Amino acid sequence: MKLEVTRDVVSDLWPLYQSGEASTDTRALIEAYLAADEAFAATLREAEGVATYLRPPRIPPDAELRLLEEAQRRARTKLWIIAGTIGLVGMILLTALAGAMFLVFRGP
């Protein structure tokens with residue numbers, strides 16, 4: 001059984017080829033196909049040139065740690081706000097309950 005290699009197959013394998021992660025057989029397959037189809041080879045190389053402009057920006061090594069620390073700081077702040085709100089509401093309810101009890105049970 002002979003499999004046909006198409007442009008779609010080569011396009012799918014192209015990123016692996018470019019990154020150097022493709023096997024020796026895959027590299028040979030892609031190189032043979034591109035040697036036979038110069039127009040498609042030119043298209044891929046042109047797209048590669050455009051892709052260099054679209055690469056993600058370089059992020060400092062400690063950026064992830066700084067983002068995590070900032071998220072933790074914000075979570076702690078929110079926790080304190082929620083705890084404070086619950087405490088304040090509890091104090092208001094206790095005060096209202098004490099006032100109601102005072103009005104109900106005060107002497108004549």
Side-chain angles (χ1 to χ4, degrees):
M1 179 174 162
K2 178 141 171 105
L3 296 176
E4 182 181 339
V5 178
T6 64
R7 284 185 172 192
D8 288 338
V9 172
V10 174
S11 293
D12 290 344
L13 295 173
W14 184 249
L16 288 174
Y17 177 85
Q18 284 300 98
S19 67
E21 296 178 24
S23 68
T24 306
D25 291 340
T26 302
R27 294 185 70 75
L29 176 79
I30 291 173
E31 289 167 1
Y33 186 88
L34 294 180
D37 190 348
E38 288 293 328
F40 187 58
T43 302
L44 286 177
R45 289 195 173 85
E46 182 180 320
E48 175 187 329
V50 171
T52 58
Y53 296 108
L54 302 176
R55 292 207 174 133
R58 294 193 181 265
I59 299 173
D62 66 333
E64 186 175 352
L65 180 61
R66 286 187 289 131
L67 288 172
L68 177 63
E69 289 170 350
E70 176 67 16
Q72 289 173 335
R73 186 189 63 76
R74 288 182 179 194
R76 280 191 303 272
T77 301
K78 287 179 182 179
L79 183 63
W80 279 108
I81 290 171
I82 291 169
T85 303
I86 290 171
L88 184 62
V89 168
M91 288 174 40
I92 290 170
L93 287 175
L94 284 174
T95 304
L97 181 62
M101 289 178 65
F102 175 75
L103 291 174
V104 171
F105 294 113
R106 74 176 177 179

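Fair warning: this is a prediction, and the values are worked out from it, not measured in the lab. Counting begins at 1 with the first residue of the sequence.
- Across Arg66 and Pro60, no two heavy atoms sit closer than the pair NH2-CG, 4.0 Å.
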Report, one line per pair, each donor and acceptor closer than 3.5 Å where one atom sits in a side chain of residues 86-103; sequence neighbours left out.
{"residue": "Thr95", "atom": "OG1", "partner": "Met91", "partner atom": "O", "Å": "2.8"}

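- Heavy-atom contacts from other residues, nucleotides or ligands closer than 6.0 Å to CD1 of Ile59 number 12 or fewer.
- A salt bridge links Arg74 with Glu70: the closest approach of a Lys/Arg side-chain nitrogen to an acidic carboxylate oxygen falls below 4.0 angstrom.
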Which pairs would a plain distance check flag for residues 29-42, meaning a side-chain donor or acceptor within less than 3.5 Å of a matching protein atom at least two apart in sequence or in another chain?
{"residue": "Glu31", "atom": "OE2", "partner": "Tyr17", "partner atom": "OH", "Å": "2.9"}
{"residue": "Tyr33", "atom": "OH", "partner": "Arg7", "partner atom": "N", "Å": "3.4"}
{"residue": "Asp37", "atom": "OD1", "partner": "Arg7", "partner atom": "NH2", "Å": "3.3"}
{"residue": "Asp37", "atom": "OD1", "partner": "Phe40", "partner atom": "N", "Å": "3.2"}
{"residue": "Asp37", "atom": "OD2", "partner": "Arg7", "partner atom": "NE", "Å": "3.0"}
{"residue": "Asp37", "atom": "OD2", "partner": "Arg7", "partner atom": "NH2", "Å": "3.0"}

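- Heavy-atom neighbours of Gln72 CD from other residues, nucleotides or ligands within 6.0 Å: above the threshold of 12.
- Remark: Glu21 pairs with Leu16, Ser19 by the side chain to side chain contact (heavy atoms under 4.5 Å, CB included) rule, at least two apart or across chains.
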